A.B. asks: 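Here it is: the structure, laid out below.
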Amino acid sequence: MKMGSLTGNLEYIYQDAVRAYAGTLKPVVARHWAALAPALQPLADKLCLCVDSLLEDINASLGLWAPWQLVLLTVVATALLSWVLDAAQHAKHTLQDKGVTQVLARLAFRLPVLRGIVAAKEQKVVDDLEESMKKGAAPDALHELPPAGTPAADLKRRLGAKGLEDHQFKEGASTVSGVLYMAGREHLELLEAAYSTFSMTNPMHANLFPAVRRMEVEVVRMTASILGGGPLGDPGVCGAMTSGGTESILTAVKASRDYMAATRGITSPEMIVAVSAHAAFIKAAEYFGIRLIRLPVGKDYRLGGRAVRRAISRNTVLVVASAPGFPHGVMDHVTEIAAAAAARGVPCHVDCCLGGFVLPFAARLGRRVPPFDFSVPGVTSISADTHKFGQGHKGTSVVLYRSKDIRKYQYTSITDWTGGLYISPGFAGSRSGALIATAWASLVHLGEDGFLEATSAILAAADEFQAGVRAIPGMEVLDSPEGSVVAVRSTNRSVDIYEVNDLMTRRGWHLSPLQSPPAVHICFTAAHTGPDTVRRLVDDLAECTAEVAAAPGTKAEGGTAPMYGAAAAMPDRSVVGRFLVAYQDLLLDSC
Ligand SMILES: *Cc1c(COP(=O)(O)O)cnc(C)c1O
């Protein structure tokens, strides 16, 4: 970027503005002030007299106090008042956000007796977990940089062996919910070729890698064109690529927060989301110091406009809708939510991480898809994942905005860094141009007809599964999902869905467990669309359900049912939180 000429131009513009002020505005201001000043003088005099007498009265009544006492009293009183106000506000928010049971349970667990018991139990669970991880440790695990290098040929062999330890991509016969989104080998090989062609590139240096820069522009444009932007939609829609859905969401939240700080002066930001909104929004609230207002969803598992309207305050910086949401795969009532936000001048983000490359094509295939994109007034930003249903490699996503007004708040521009003039569009500095190339290749390779074909096959799989579940006694689909995610729960009191899930895991399926209500979901992708895949899934689900119904309470060894059961029963969620942290520690440290 030619920074020199840009700053040069800025200087001219600034000088012009100063000259214009001196030439035209200054005499006008001076003239009016001369006329106004005499009229204001008596008023000012009167005000001074009033203030004088008030101050005299106060001084007389405080005359008994020494000046230092007065100073000290003022300081202490101010500090005390501010502390009381803060504490009251904090207590109110804690009660609102966590609920009375949580707060009371947490207080109870602070009692020394209970704390000791819980800590010992916690340690035992963590120790067991560590023990089981150790059992799986690889004998050739590295603990330091090998002193001598390894020849490339040897290493390739070793990498090949390592690759076989991991889950294998099964064309058309995936047994995993989501995760693998590609249709087939040919697609995969094309993306690998795109990666290797651009493996040395970095879009931060746009002058060195113009092709990569243009591919990013085109990926954003192609994505915008299917989501209500582009030549046939709102031409103002713009965006940027990120490393994934979470980063797209973090970026949009950060940009909206800073936009509302700049335009409305909001310094205690709040964000409104449904309990079913993706975890990335909770992360964003934590990262960016935003108070999160989590609203319950309706009986249809969707967030509506009425709850949002009531929750919006003068501190709201963003309202979130999902199309569809991750847990239940159903779309929030986007039109209502966006209207509620727009009525108060608040930005509205639609999370299309999962639906961005499905819903537009589902609508074209004649499916029931309520409006959800930039065609809906009030929607100000959208996230859509090229690395999910865009069928790209992991590591890319797109964040879109209605206009540049909000997008610019995701940028960082630094003019006084000793390292030079600096502008960066998002969180990352250097990025991989190769990943941009893979996303580009995926979208261009599939094209509109490719996406229509893939979507048709994916939705047919979801339909077949739904029909299959309806035929299983004691199982039910949660509402009627519009897209590729189908959530299932047990209607039979003696059938614990988590136990069913553990049996399914033993049979090689990897479904996603959900909470409140207890359920599991499967996200169908192009990797499930081979013959027989869904039939086998339904058969296994029917058999596992029958097995649990016949012998409720039998826990599969190493399953997650006991963990989810305990988590649901635990009044103090901070215990569960500590388990998760211990588990993450083990994942990062043991091998
Ligand atoms: C996957 C997903 C995300 C987050 O995406 P990552 O790419 O895993 O970071 C956000 N929202 C929804 C609805 C998703 O399904």
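Treat the numbers as computed from the prediction; the structure is a model and nothing was measured. Heads up: numbering here begins at 1 and tracks the sequence. In listed order, ligands and their atoms are each counted from 1.
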A.B. asks: Please determine whether a side-chain nitrogen of the Lys or Arg among Glu482 and Arg302 lies less than 4.0 Å from a carboxylate oxygen of the Asp or Glu.
C.D. replies: yes
A.B. asks: Please list the nearest protein heavy atom to atom 2 (C) of ligand 1 with its residue and the distance rounded to 0.1 Å.
C.D. replies: Lys388 NZ, 2.4 Å
A.B. asks: Which is it for Asp351 and ligand 1 at heavy atoms under 4.0 Å: side chain, backbone, both or neither?
C.D. replies: side chain
A.B. asks: If you measure only the distance, is there a donor-acceptor pair under 3.5 Å linking the side chains of Asn315 and Ser268?
C.D. replies: no
A.B. asks: Within this structure, what is the OH-CG distance for the pair Tyr259 and Leu318, rounded to the nearest 0.5 Å?
C.D. replies: 12.0 Å
A.B. asks: Using a 4.0 Å cut-off to any heavy atom of Pro324, which atoms of ligand 1 qualify?
C.D. replies: 13 (C)
A.B. asks: Could you go through the side chain to side chain contact (heavy atoms under 4.5 Å, CB included) check for Ser256 and Met271 one step at a time?
C.D. replies: CA-CA 10 Å; Ser256 300; Met271 172 161 69; over 6 Å; no
A.B. asks: Of all the atoms in ligand 1, which lie at a distance below 4.0 Å from a heavy atom belonging to Leu354?
C.D. replies: 15 (O)
A.B. asks: Short list, please: which atoms of ligand 1 are under 4.0 Å from a heavy atom of Asp385?
C.D. replies: 5 (O), 7 (O)
A.B. asks: Show the atoms of ligand 1 that are less than 4.0 angstrom away from any heavy atom in His278.
C.D. replies: 2 (C), 3 (C), 4 (C), 10 (C), 11 (N), 12 (C), 14 (C)
A.B. asks: Determine the minimum heavy-atom distance between Val317 and Pro269, stating which atoms define it.
C.D. replies: CG1-CB, 3.7 Å
A.B. asks: Once you round to the nearest 0.5 Å, how far does CH2 of Trp509 lie from CZ of Arg536?
C.D. replies: 5.0 Å
A.B. asks: Identify the protein heavy atom lying closest to atom 5 (O) of ligand 1, giving its residue, its atom name and the separation to 0.1 Å.
C.D. replies: Gly245 CA, 3.4 Å
A.B. asks: What protein heavy atom lies closest to atom 9 (O) of ligand 1? Include the residue and the distance to one decimal.
C.D. replies: Thr246 OG1, 2.5 Å
A.B. asks: Please identify which atoms of ligand 1 are closer than 4.0 Å to at least one heavy atom of His387.
C.D. replies: 7 (O)
A.B. asks: Would you call Lys254 and Asp258 a salt bridge, taking side-chain N to carboxylate O under 4.0 Å as the test?
C.D. replies: yes
